[in-house]
Protein chains: 2
Amino acid sequence: MHRTKVKVAEDALDANTTIAQANRADFDRADLAVVNLMSAPGAGKTTLLESVFRDGLGHIKPGVLEGDVQGSMDADRMASLHVPVTQLNTQNGFGGECHLDANMVRSALPSLPLEEIDLLVIENVGNLVCPAEFRVGEDARAMVCSITEGEEKPLKYPLMFRTCDLVLVNKVDLLPHLDFDMDKLLYNLEAVHPGVEHMVVSARTGEGVDGFRDWLTRVADRARTPA
Amino acid sequence: MHRTKVKVAEDALDANTTIAQANRADFDRADLAVVNLMSAPGAGKTTLLESVFRDGLGHIKPGVLEGDVQGSMDADRMASLHVPVTQLNTQNGFGGECHLDANMVRSALPSLPLEEIDLLVIENVGNLVCPAEFRVGEDARAMVCSITEGEEKPLKYPLMFRTCDLVLVNKVDLLPHLDFDMDKLLYNLEAVHPGVEHMVVSARTGEGVDGFRDWLTRVADRARTPA
């Protein structure tokens with residue numbers, strides 16, 4: 001007798017996982033690496049990407065999916081660097097969604113030239129809570145933490161810091177002008193996510209941006225089939 | 001024949017409105033003014049409140065409800081100023097809620113000395129999207145916008161800027177060190193919320209904080225029964 005046991009999806013997060021797996025399969029078919037880039041509003045995600053893409057990513061061809069509640073300002077900035085970009089707005093007529101989920105990303109896939117790029121960077125909606133809860137089919141997660149936000153953010157938004165593979169500590173050009181204790185931030189980061197990789201950068205001056213460029217290249221090379 | 005027509009609550013926001021009205025009735029019974037204070041993570045809500053409460057609010061006795069995903073660091077800072085404070089954590093075992101809603105605030109009311117205070121400031125979870133969607137029974141809404149977040153935030157998170165009665169443009173002590181155009185921010189603010197009151201402040205140096213203290217006092221005096 002043939003018996004099959006099917007686990008019923010229990011909630012929205014289970015449904016999200018199912019769709020994230022479908023995205024993942026599509027990304028694999030296109031031999032594409034995907035990075036989910038997250039941060040609070042105004043931490044510098046777009047400026048950092050501009051800084052990285054201005055000089056290119058070597059043999060890796062990047063594309064960007066811009067998640068925003070409304071508008072296409074960030075997508076316009078990417079397009080001016082001649083990086084293929086698709087804008088995904090979460091606005092639904094009221095306040096809009098505060099994060100991207102797997103289904104929203106899935107809805108954008110037909111607009112992306114998946115076969116022509118090697119690395120897709122998904123710039124999530126600026127928010128330190130919900131984006132961390134929704135996998136979208138990514139290979140790796142990076143987050144940008146601006147030093148202007150204070151040292152205690154890892155303790156206040158632990159899931160975000162805990163689920164990231166890389167933490168970019170941004171705006172360090174402002175260090176001389178802030179009451180900011182870098183050791184305290186790194187101590188708090190280590191407390192919520194022991195051993196996580198971090199980089200100290202300034203998207204504005206370009207300090208440390210090479211390290212992020214190398215990291216993106218490594219993620220892309222690791223995720224893709226050797227040529 | 002007696003006929004009654006009952007409109008069925010259509011969604012979570014309808015339910016929220018019903019509970020917000022119940023909160024409002026309780027606040028009125030306690031002759032209490034309530035301000036919902038919102039911002040992105042690290043914009044300076046707590047530092048601004050510290051700056052305001054350090055010198056007191058004159059004849060107005062304040063209390064604070066601190067909304068955070070996790071931890072009680074902000075509540076500890078308020079308590080050290082001898083302001084009555086209750087911590088409300090939205091952590092539910094996973095990522096936590098990214099905003100306060102009317103029901104969460106309602107659950108905290110029994111812990112607050114409502115009869116002993118004149119003004120309750122609710123410090124919402126750091127997020128520019130969802131907190132704006134949920135009324136909690138407040139008299140007025142204020143938001144803190146840090147100049148380190150860039151000039152375009154009103155265009156990217158319009159509902160937040162549109163539903164506030166006061167916008168506090170914070171961290172202006174950093175103006176000399178940023179590529180920030182104040183006129184552009186104010187132009188964008190006027191575009192999404194024409195005529196909204198704004199104040200330029202630095203919670204760190206105290207610049208402009210008197211204006212916010214006066215605003216809180218006015219809100220409290222207006223909302224409460226004349227003595």
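Numbers restart at 1 for each chain; the letters A, B, ... are given by sequence-line order, proteins then strands. Excluded from the calculations below are hydrogen atoms, water molecules and symmetry mates; all remaining heavy atoms, backbone and side chain alike, are included.
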Less than 4.5 Å apart, any side-chain heavy atom of A:Asp74 and any of B:Lys156? yes

Within this structure, what is the [atom1]-[atom2] distance for the pair [X] and [Y], rounded to the nearest 0.5 Å?
X	Y	atom1	atom2	result
B:His99	A:Asn127	NE2	CG	11.0 Å
B:Leu178	A:Lys171	CG	NZ	7.5 Å
B:Glu152	A:Asp68	CD	CG	9.0 Å
B:Thr148	A:Glu149	OG1	CD	7.5 Å
A:Glu151	B:Met73	CD	CE	10.5 Å

What part of [X] gets closer than 4.5 Å to chain A, counting heavy atoms only: side chain, backbone, both or neither?
X	answer
B:Leu155	both
B:Arg204	side chain
B:Asn89	neither
B:Lys153	side chain

Quick one: of [options], who has the most non-hydrogen atom pairs under 4.5 Å with chain A?
options	value
B:Gly126, B:Gly71, B:Ser146	B:Gly126
B:Gly150, B:Cys98, B:Pro41	B:Pro41
B:Met160, B:Gln70, B:His177	B:His177

Between A:Pro158 and chain B, which part of the residue has a heavy atom less than 4.5 Å away: side chain, backbone, both or neither? side chain

